[in-house]
Amino acid sequence: MDINTSPVANATAAGAAALANTAPQTEPVLSSDFETFLKMLTAQARFQDPLEPIDSSQYAAQLAQFSMVEQQVLSNDLLTSLASQIGSGNMAELASWIGMEARTTAPVQFDGSPIVINPNPAAASDEVYLVVRDRSGEEVQRLQLPVSAEPVEWAGVANDGTPFATGLYNFDIESRANGEIILSEPTETFGRIVETRLQGSDTVLILEGGSAILASSVDGLREPPA
């Protein structure tokens, strides 16, 4: 018998074609494939050659393997749902953070009031500079600071006394030794939290001005200055 023209081969080919042409759906693809495979096995059993019946042990093994895959898909869906519920709970708990200021290296909003900078220069540095950049990343000011980790205030005033425009600014601390840069990294400031969001299983905090940070990255909170 020519297996290329047998009913079993035709049924298998038809099932494979249906599997290949399955359009993307919101349900897991493996679950959809499992249903297609069941239809293929049913067609094989229905049209099998009585003289060459399907190997029952192989048939059962295939069913068991695909059943395990389907159960894994369902387990993954359940874990995703649980993670979402946990994230929602975290977001609700962090709602009390709205209005407070988070310590962060993300760009923060300047509204005319001084911004507290928390430098952490390299221990070997002999010169330290505060580098200020605007929303586009362009450097707008460079100020020399004491070689110290004590907080300082950035007044938001240019070297000629002109106030900077309101908007997002970020701050780097540049450490130098013998005239060479030995470390340049973002420094921490405080930004006011205006919103909490859930993105996947992560809780995200939105700061005034639009910066987004992970709640898990916040290592300090404070009440806004009077």
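Since the model is a prediction, treat every value here as computed from it, not as a measurement.
- Note that CD of E223 is 4.5 Å distant from CE of M100, once rounded to the nearest 0.5 Å.
- The OG1 atom of T203 sits 5.5 Å away from atom CG of L198, with the distance rounded to the nearest 0.5 Å.
- Separation of atoms OH (Y169) and OG1 (T189) is listed at 13.5 Å; rounding is to 0.5 Å.
- Judged by distance alone, the side chain of T187 and the main-chain N or O of I173 form no donor-acceptor pair under 3.5 Å.
- Pairing each heavy atom of A212 with each of I206, the nearest pair is CB-CD1, 3.7 Å.
- No side-chain heavy atom of V132 sits less than 4.5 Å from a side-chain heavy atom of L143.
- Hydrophobic cluster membership is shared by L221 and L205, with clusters built from Ile, Leu, Val, Met, Phe, Trp and Tyr side chains linked at under 4.5 angstrom.
- Cluster membership check: L130 shares its hydrophobic cluster with V140, using side-chain heavy-atom separations under 4.5 Å among Ile, Leu, Val, Met, Phe, Trp and Tyr.
- Heavy-atom minimum distance, V128 versus P121: CG2-CB, 3.5 Å.
- Residue pairs meeting the salt bridge (Lys or Arg N to Asp or Glu O under 4.0 Å) criterion with at least one partner in residues 165-183, sequence neighbours excluded, are R133-D172, R142-E174, E174-R176.
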Would you check, one step at a time, whether the test side-chain contact (heavy atoms from CB on, under 4.5 Å) holds for V108 with F171?
-> CA-CA 9 Å; V108 295; F171 306 89; 3.9 Å; yes
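- Closest approach of A102 and I193 over heavy atoms only: CB-CD1, 3.9 Å.
- In this view, Q144 and E127, Y129 satisfy the side-chain contact (heavy atoms from CB on, under 4.5 Å) rule, not counting sequence neighbours.
- In this structure, CG on N170 lies 8.5 Å from CG on L168, to the nearest 0.5 angstrom.
- Taking each heavy atom of T166 and G112 in turn, the nearest pair found is CG2-N, 4.4 Å.
- In the displayed structure, R135 atom CZ is contacted under 6.0 Å by at most 12 heavy atoms of other residues, nucleotides or ligands.
- Q141 places a side-chain N or O within 3.5 Å of a backbone atom of V157 that can act as its donor or acceptor partner.
- Counting only distance, with no hydrogens or angles, the side chain of D126 and the backbone of N178 share a donor-acceptor pair below 3.5 Å.
- Taking hydrophobic clusters as Ile, Leu, Val, Met, Phe, Trp and Tyr residues chained together by side-chain heavy-atom distances below 4.5 Å, I181 does not share a cluster with L145.
- Remark: R103 engages N118, E188, F190, D219 in a side-chain contact (heavy atoms from CB on, under 4.5 Å) (not counting sequence neighbours).
- S175 places a side-chain N or O within donor-acceptor distance of the main-chain N or O of A122, the cut-off being under 3.5 Å.
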Would you check, one step at a time, whether the test side-chain contact (heavy atoms from CB on, under 4.5 Å) holds for R222 with V116?
-> CA-CA 12 Å; R222 72 176 189 183; V116 176; 4.0 Å; yes
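- Rounded to the nearest 0.5 angstrom, W97 CH2 and T196 OG1 are separated by 10.5 Å.
- Connection of V131 to F164 is not established within any shared hydrophobic cluster, with ILVMFWY side chains joined at heavy-atom distances below 4.5 Å, either directly or through further cluster members.
- Summarising the geometry, atom CG belonging to N120 is positioned 12.5 Å from atom OG1 belonging to T105; distances are rounded to the nearest 0.5 Å.
- Across all non-hydrogen atoms, the minimal contact from G191 to T104 is N-CG2, 4.4 Å.
- Scanning both residues, S211 and P107, for their nearest heavy atoms gives OG-O, 2.6 Å.
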